[in-house]
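By convention here, the first residue in the shown sequence is residue 1.
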Amino acid sequence: MTMKTAIAVLLTLAAGTALAQVPAGYPADYQKLIEGARKEGKLVVYGATDSKATQPLIRDFNALYPGISVEYNDMNSTEVYNRFISERAAGGNTADVMWSSAMDLQMKLASEGSALQYKSVEAGGLPAWAVWENKAYGTTFEPAAIVYNKRLLAANEVPQTHDDFARLIQQPKFRDKVTTYDIEKSGVGFMFMTHDAQTYAKFADLQKAFGVAKVRVQSSTGTMMERISSGENLIGYNVLGSYALVRAKTDPSIGVVLPKDYTQIVSRVVFINKAAKNVNAAKLWLDYMLSKRGQTIIANDSKLYAIRADVTGETTSADLIKTIGQANVKPIPVSPALLQYLAPAKRMAFLKGWKETAGKK
C-alpha cells in the first residue's frame, strides 16, 4: 500500500467514525452499541417489504452508520416465516431481524420465544398498541384498501363501504373479475380476512358474495394491481393500501377506496432474533427504523406510511387519519390476540369455510 493510499484509507475511516455519532437525545453509552455493531460489520434482515421500498432505508442507515453491510432478503410474508423456522430448526444461520406485514405470524414467533427483549430508545414515539413487551414493534400504518379499475367502473359503481362492495360484486359484470389475496399462501391476506371476520358483522354475506363473483386469488399485491390495471380484473379487496395509493399517482387506471365504515390498519412488525449473530447491528437497525429520521424515510421515500405521529408528509399516520377519520381507523394491535386463528384447528376451520363459500368455483 502506498503512502497516498494509506492516507486515503485513514481519511475514509476517520470520516466513517465521525459520521457514526450517537444520535441526539440518546444515552451516552449508546456509543458502545455503535462500536459493537461496527465490529460485527453486517446485518441480515428477512422482510416482506419490496426491495425497492427498502433501499432508501438501507442507504440512509449506511450513511448514519457506515461500515455495517445490510443484507436484505425480500420474500412474501409466508416465506419469511417458513424460512426462519426451517433455518432455526436446522441450527444454521438465519436472520438477525424479522420484518413482516403478517403481524400474526410475527407475533407467533415473538410470543413463542424467538424475539429478543430490547427496549428501544425510540419506543416512546410509538402508539401503545404498536409495542409488545419490548420484543415486537409496529413500524408502519398501512390501510387495507379496495382497488378498482377507473376506466371500467363508473363513478356511481365505486363502493364506499364493505356493504357496498358485497352488493356490487354479485352483479353479473363482476363474475371472474374480482380479486383478493390467496389466504392459504399469503400471511397478510389470511390475517386481513380473519380480522374482517371479527370486525364486520356481515362477514358471512361477504364470503357468499365472493363465491357468487367466483373470486380470483393471488399471493401478492403487485399481481393483483397488474390485473386490475389491465382490466383482467375490475376490483380487488383488502389490497395493501400503501402500495396501491402510490401506484394510483402514476397509473391512471388505478383507483383506491379506503372504506368509510371501517379501514383496517396493518403495521409491519419488526423484532430482533433472540439468537441474532449480529445483535448490536440488529439493535441499531430497530432503533433507526423507529426513529423520527427512519420514519421520515419510511414515509417520504419508501412510501409505506409512517406510524409515528410526529412525522409529516402524505404517507403518514396523521395524514391517513385525517383522510379517513379517527373513528373509522381500525389498527390491528401488536398483540398475541392475533394468534387465535393460527391455532391449527381454527385455521383449518376458517379455510374450510372460505373454500365452501367464497372459494367455490
Enquirer: List in chain and number order the residues that pass side chain to side chain contact (heavy atoms under 4.5 Å, CB included) with T296, two or more places apart in sequence or in another chain; answer none if no residue qualifies.
Expert: K292, N300, V311
Enquirer: List the residues meeting ring-ring contact (aromatic ring centres under 6.0 Å, His included) with Y46, not counting sequence neighbours, and say none if there are none.
Expert: none
Enquirer: Under the rule for salt bridge (charged side-chain N to carboxylate O under 4.0 Å, His left out), what residues qualify as partners of D182, not counting sequence neighbours?
Expert: none
Enquirer: Taking side chain to side chain donor-acceptor pair (under 3.5 Å) as the definition, give me every residue that meets it alongside N278, ordered by chain and number, with sequence neighbours left out.
Expert: D96
Enquirer: Considering residues at least two apart in sequence or located in another chain, which fulfil the side chain to side chain donor-acceptor pair (under 3.5 Å) criterion with K42?
Expert: E71
Enquirer: Going by the rule ring-ring contact (aromatic ring centres under 6.0 Å, His included), which residues pair with Y341 if we only count those two or more places apart in sequence or in a different chain?
Expert: F350
Enquirer: Go through the structure and list residues passing ring-ring contact (aromatic ring centres under 6.0 Å, His included) with Y72, not counting sequence neighbours.
Expert: none
Enquirer: Return the set of residues passing side chain to side chain contact (heavy atoms under 4.5 Å, CB included) with K330 (not counting sequence neighbours), or none when no residue passes.
Expert: Y262
Enquirer: Identify, with sequence neighbours excluded, every residue that meets side chain to side chain donor-acceptor pair (under 3.5 Å) alongside R247.
Expert: E226, D251
Enquirer: Go through the structure and list residues passing side chain to side chain contact (heavy atoms under 4.5 Å, CB included) with A154, not counting sequence neighbours.
Expert: N156, E157
Enquirer: Using the test side chain to side chain contact (heavy atoms under 4.5 Å, CB included), find all partners of P333 that sit at least two apart in sequence or belong to another chain.
Expert: W129, S335
Enquirer: With sequence neighbours left out, write down each residue that passes side chain to side chain donor-acceptor pair (under 3.5 Å) with E314, or none if nothing qualifies.
Expert: K249
